[in-house]
Amino acid sequence: MSNQIDSAVASIRKKGAFKANVALVLGSGLGNFVDALSNTTRIPFADIPGFPVSTVEGHSGELVYGFLGDVPVLVNSGRVHFYEGYSLDQVIYPIQILKALGANTIILTNAAGSIREEYAPGDLMLITKLMNQTGHSVYPDNTEPDNIFTSEFLDMAKKVARQVSVPIKTGSYAGLNGPSYETPAEIRFLRSKQADAVGMSTVHESMAAFQLGMQVLGISCLTNYAAGILDQPLNHEEVMETGIRVREDFAKILNELVQEISR
Ligand code: HPA
């Protein structure tokens, strides 16, 4: 694996500097944040040795190197999911690449369903805890860590959100395999276990990043009420549309957060 990572890094660095302390992973509908970067160099995931390529709508799939103000950032616009048939190793490989490119801090973003009435579609939620409901783990022989998201980093994100006047919630994220959305009964179960949001990504990436010694932050864009919370069906278009609606708020927070991290 490390040979593969070395050769991926070598191939990436042929295209540009691709060196930054801060990395971002952009989830469903949030990929256009790369337009906020200046001086970008872009590499399609398909051109990076070993990199898994997503088949899902809304995940364009490129590694972007660019600047927010003066701050260099590495951005994975898009990700692959376990349900696409990739192994856990493949799901976390992009995180290993970001680390190998110099990132010590990572902000993982996703689209998620809200399990609480008071967390509405369009709200952003800082992830405080993970509930790994996938049946797979990057810690197969060990207890999974419960302290991935530090109060220091969470407090910084809350402060930044206040500064840019974007309200932000906090809560637990339950990661399921998908690809189907949950049944209302599953959502009632998760709710009874104090989950606040549900999605199909982020748990393994967060744990892999933590394992690599990175500072990790998770931000969910709540795109819909989870199944059964409202008396209406949900669909992927709604998820995409809400992503589009909250882009501006999301961009404000990410931009200011990256500045604050590098101060
Ligand atoms: N469930 C699971 N994953 C999701 C949802 C949901 O309701 N919304 C966006 N991703």
Side-chain angles (χ1 to χ4, degrees), residues 24-33 52 54-61 76-86 88 91-92 94 107-137 168-207 217-247 249-250 253-254:
L24 308 173
V25 175
L26 303 176
S28 289
L30 304 169
N32 87 312
F33 178 71
S54 177
T55 55
V56 184
E57 189 196 339
H59 289 261
S60 73
N76 278 358
S77 179
R79 59 154 60 87
V80 297
H81 302 79
F82 200 64
Y83 64 72
E84 294 176 74
Y86 293 104
L88 206 51
V91 168
I92 67 170
I107 303 171
L108 298 162
T109 70
N110 61 46
S114 165
I115 300 183
R116 291 169 62 156
E117 284 90 347
E118 65 273 34
Y119 286 16
D123 283 352
L124 298 174
M125 188 191 91
L126 292 169
I127 302 174
T128 52
K129 294 289 175 189
L130 294 171
M131 297 179 178
N132 180 4
Q133 298 295 301
T134 67
H136 300 271
S137 179
I168 196 152
K169 309 282 202 285
T170 54
S172 296
Y173 174 93
L176 279 65
N177 281 328
S180 58
Y181 290 120
E182 303 69 35
T183 64
E186 285 171 324
I187 295 301
R188 285 196 297 279
F189 170 77
L190 292 171
R191 189 171 153 132
S192 76
K193 300 296 177 198
Q194 277 80 51
D196 300 297
V198 61
M200 306 174 196
S201 66
T202 307
V203 285
H204 303 306
E205 291 157 72
S206 303
M207 291 197 196
L217 192 76
I219 309 178
S220 289
C221 169
L222 302 177
T223 49
N224 57 281
Y225 280 114
I229 299 283
L230 293 188
D231 191 16
Q232 56 180 241
L234 42 119
N235 58 52
H236 193 61
E237 281 75 53
E238 182 189 9
V239 173
M240 302 302 291
E241 279 164 21
T242 311
I244 291 167
R245 193 150 57 78
V246 300
R247 269 176 191 173
D249 284 353
F250 189 70
I253 290 195
L254 284 187

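Order of appearance sets the numbers: ligands from 1, and atoms from 1 within every ligand. The analysis underlying the following values was restricted to heavy atoms, covering all of them including side chains, and did not include hydrogens, waters or symmetry mates. Bear in mind the structure is a predicted one, so any value in this text is a computation, not a measurement.
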Location of contacts on [X] toward ligand 1, heavy atoms closer than 4.0 Å:
{"X": "Asn110", "result": "neither"}
{"X": "Ala112", "result": "backbone"}
{"X": "Val198", "result": "both"}

Next on the checklist: Treating Asp249 as the side-chain partner and Ile253 as the backbone partner, does any N or O pair qualify as donor plus acceptor under 3.5 Å?
Outcome noted: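 No; zero donor-acceptor contacts below 3.5 Å.
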Checklist entry - Where the side chain of Tyr119 meets the backbone of Gly113, is there a donor-acceptor pair that is under 3.5 Å apart? => result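 Here the side-chain-to-backbone pair does not exist.
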What is the closest protein heavy atom to [atom], and at what distance does it sit?
{"atom": "atom 1 (N) of ligand 1", "value": "Glu182 OE1, 2.8 Å"}
{"atom": "atom 10 (N) of ligand 1", "value": "Ala111 O, 3.4 Å"}
{"atom": "atom 6 (C) of ligand 1", "value": "Tyr181 CD2, 3.5 Å"}
{"atom": "atom 8 (N) of ligand 1", "value": "Asn224 OD1, 2.7 Å"}
{"atom": "atom 3 (N) of ligand 1", "value": "Gly199 CA, 3.4 Å"}

Checklist entry - Which pair of heavy atoms, one from Tyr225 and one from Arg116, lies closest together, and at what distance? => result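 Heavy-atom minimum between the residues: CE2-O, 3.5 Å.
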Checklist entry - For Ala174 and Gln133, which heavy atoms make the closest approach, and how far apart are they? => result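 Ala174 and Gln133 have their closest heavy atoms at CB-CG, 4.5 Å.
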Next on the checklist: In terms of relative ring orientation, are Phe33 and Phe250 parallel, tilted or perpendicular, with 30° and 60° separating the classes?
Outcome noted: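 Rings of Phe33 and Phe250: perpendicular, over 60°.
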Item to check | Per-atom contacts, ligand 1 versus Met200 - under 4.0 Å to a heavy atom | outcome: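 Those atoms are 2 (C), 3 (N).
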Item to check | Under 4.0 Å to a heavy atom of Thr223 - the qualifying atoms of ligand 1, by number | outcome: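 Numbered from 1, ligand 1 contributes 8 (N), 9 (C).
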Checklist entry - Going by heavy atoms in the side chains, are Pro121 and Ser114 under 4.5 Å from each other? => result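 Pro121 does not reach Ser114 side chain to side chain.
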Checklist entry - Roughly how far apart are Met125 CE and Leu222 CG, rounded to 0.5 Å? => result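 So the CE of Met125 and the CG of Leu222 are separated by 6.0 Å.
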